[in-house]
> 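For reference, the structure I am asking about is given below.
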Amino acid sequence: FEIPPPEGTFWGPFDLPVLSPDGSRVMFAATKRDGTRNLWLRPMDSVIAQPIPGTEGNAVMAGAWSPDGRSIAYTAGSKLHRLEIAGGSPQAVSSVPAWGATAWSPAGIILFTANQSPNQIYQVPASGGEAKLAVASGASGDFPSFLPGGRRFLYGVFAPDLGLNVAALDSQAGKQTFTFVHLYDP
């Protein structure tokens, strides 16, 4: 099957669909002809997507579902937001400038990429609070994705080499481990 962008919108290169934990809905970002962006929600048993109220903006990027599927995390306007799908206002989760993809663990940790150079991945409780680095200081990365179990995660590396890193969070000891997988050598 195919999921086209909603009428009057188009997708950019980073507008990737995100399936809900129960597989019943898909969330994605799309750009309107006037340049504004929204997050959209489409039930898998329907061909009609609806904009998610409260997600309007110029730099909205689809993010992650909460493990129970009742909330989403996304970046917009250089902020990480949390929104209850049933309604309500977006809540800023962190004061660290954010952009790009997010990931939400079963333990209630949200990973996001800081809107700074180098792009570093941070972690913050889903309820909000102080963000801290999720990977070694100075490491650059984006597009985090938790692996089963919610402790380890993958993230992409784009410079100076293209690859995937695997990191593990250990909240008790603050330890981090890495395995680099090199994908491309020009």
Side-chain angles (χ1 to χ4, degrees), residues 1-115 119 121-129 131 134 142-150 153-156:
F1 69 93
E2 181 180 342
I3 299 177
E7 188 172 333
T9 70
F10 62 91
W11 286 331
F14 300 113
D15 291 335
L16 305 172
V18 183
L19 195 61
S20 65
D22 67 1
S24 68
R25 300 167 290 176
V26 64
M27 168 184 53
F28 54 86
T31 304
K32 298 176 189 172
R33 290 188 180 112
D34 66 4
T36 60
R37 294 173 55 78
N38 270 86
L39 291 183
W40 295 74
L41 189 63
R42 178 183 154 179
M44 294 302 288
D45 62 357
S46 174
V47 295
I48 299 171
Q50 297 293 327
I52 301 173
T55 65
E56 303 82 10
N58 291 328
V60 175
M61 295 193 73
W65 290 90
S66 63
D68 63 9
R70 290 190 268 181
S71 300
I72 57 172
Y74 63 97
T75 59
S78 291
K79 293 189 183 291
L80 175 64
H81 298 277
R82 176 184 175 159
L83 179 67
E84 299 290 324
I85 288 292
S89 299
Q91 304 297 313
V93 179
S94 171
S95 61
V96 174
W99 81 281
T102 60
W104 195 324
S105 81
I109 300 294
I110 297 175
L111 296 176
F112 66 97
T113 303
N115 191 8
N119 296 343
I121 296 178
Y122 280 76
Q123 63 175 318
V124 66
S127 59
D142 199 2
F143 298 99
S145 179
F146 277 103
L147 296 170
F153 62 93
L154 295 173
Y155 64 96

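For this chain, numbers begin at 1 and follow the sequence in order. Because the structure is predicted, anything quoted here is derived from the model rather than measured.
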> Please lay out, stage by stage, how D34 and K32 fare under the test salt bridge (Lys or Arg N to Asp or Glu O under 4.0 Å).
CA-CA 5 Å; D34 66 4; K32 298 176 189 172; over 6 Å; no
> For A103 and A64, which heavy atoms make the closest approach, and how far apart are they?
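Minimum heavy-atom separation between A103 and A64: CA-CB, 3.8 Å.
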> In Å and rounded to the nearest 0.5 Å, what is the CH2 to CD1 distance from W40 to I3?
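Nearest 0.5 Å value for the CH2-CD1 distance: 14.0 Å.
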> Which value, rounded to the nearest 0.5 Å, describes the distance between E84 atom CD and S71 atom OG?
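E84 CD to S71 OG: 3.0 Å, rounded to 0.5 Å.
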> Report yes or no: does Q50 contribute a side-chain atom to a donor-acceptor pair with the main-chain N or O of I48 at less than 3.5 Å?
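Not at all, since once roles are kept as given, no pair shorter than 3.5 Å links the two residues.
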> Rounded at 0.5 Å granularity, tell me how far CG in L154 sits from OG in S145.
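Here the rounded value is 6.0 Å.
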> For the side chain of H81 and the backbone of A76, is there at least one donor-acceptor N/O pair under 3.5 Å apart?
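Side chain of H81 to backbone of A76, a donor-acceptor pair under 3.5 Å: yes, one is there.
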> Tell me which one of F14, W99, Y155 satisfies ring-ring contact (aromatic ring centres under 6.0 Å, His included) with F143.
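Considering F14, W99, Y155, a ring-ring contact (aromatic ring centres under 6.0 Å, His included) with F143 is found only for F14.
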> Quick one: pull up CG in D45 and OG in S24 and give me the separation to the nearest 0.5 Å.
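It is 8.0 Å, given to the nearest 0.5 Å.
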> Within the side chain of W65, is there an N or O that forms a donor-acceptor pair under 3.5 Å with the backbone of R70?
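No, the answer is negative, given that no donor and acceptor are paired below the 3.5 Å cut-off.
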> Locate the shortest heavy-atom distance separating D142 from A101; write the atom from each residue and the value.
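Answer, listing the atom of D142 first, then A101: OD1-N, 4.1 Å.
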> Ignoring hydrogens, what is the shortest heavy-atom contact between R42 and E2? Give both atom names and the distance.
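Smallest heavy-atom distance, with atoms named: NH1-O, 3.7 Å.
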> Contact between F28 and P6 at the side-chain level, heavy atoms closer than 4.5 Å - yes or no?
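Yes, close enough: below the 4.5 Å cut-off.
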> Are the side chain of R25 and the backbone of M44 linked by a donor-acceptor contact shorter than 3.5 Å?
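Answer holds: no.
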> Of all the heavy-atom pairs spanning N115 and S78, show the shortest one and how long it is.
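Result for this residue pair: ND2-OG, 2.9 Å.
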> Looking only at the side chains, is there a donor atom on one of T113 and N119 sitting less than 3.5 Å from an acceptor on the other?
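The answer is no; no qualifying pair exists.
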> Can you list the residues that meet the salt bridge (Lys or Arg N to Asp or Glu O under 4.0 Å) rule with D15, with sequence neighbours excluded?
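Checked D15 against salt bridge (Lys or Arg N to Asp or Glu O under 4.0 Å); matches are R37.
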> With sequence neighbours left out, write down each residue that passes side chain to side chain contact (heavy atoms under 4.5 Å, CB included) with T55, or none if nothing qualifies.
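T55: side chain to side chain contact (heavy atoms under 4.5 Å, CB included) contacts with N38, L39, I52, Y74, L83.
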> Please give me the minimum heavy-atom distance between A98 and F112, naming the atom from each residue.
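The answer is CB-CD1, 3.5 Å.
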> Would you mind reporting whether T9 and T31 have side-chain heavy atoms less than 4.5 Å apart?
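No. Closest side-chain heavy atoms not under 4.5 Å.
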> Which atom names give the shortest non-hydrogen contact between W11 and P4, and what distance separates them?
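Minimum heavy-atom separation between W11 and P4: CH2-C, 3.6 Å.
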> For T75 and G100, indicate whether the former's side chain and the latter's backbone hold a donor-acceptor pair under 3.5 Å.
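Yes; at least one donor-acceptor contact below 3.5 Å.
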> Out of the candidates L19, I85, L16, I72, only one should pair with M27 under the side-chain contact (heavy atoms from CB on, under 4.5 Å) rule; please name it.
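With M27 as partner, side-chain contact (heavy atoms from CB on, under 4.5 Å) holds for just one option, I72.
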> Is it the case that the side chain of S105 and the backbone of I109 share a donor-acceptor pair, with hydrogens and angles ignored and the cut-off at 3.5 Å?
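Answer holds: yes.
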> For the atom pair OG1 (T102) and CZ (R82), what is the distance rounded to the nearest 0.5 Å?
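One finds 12.0 Å between OG1 of T102 and CZ of R82.
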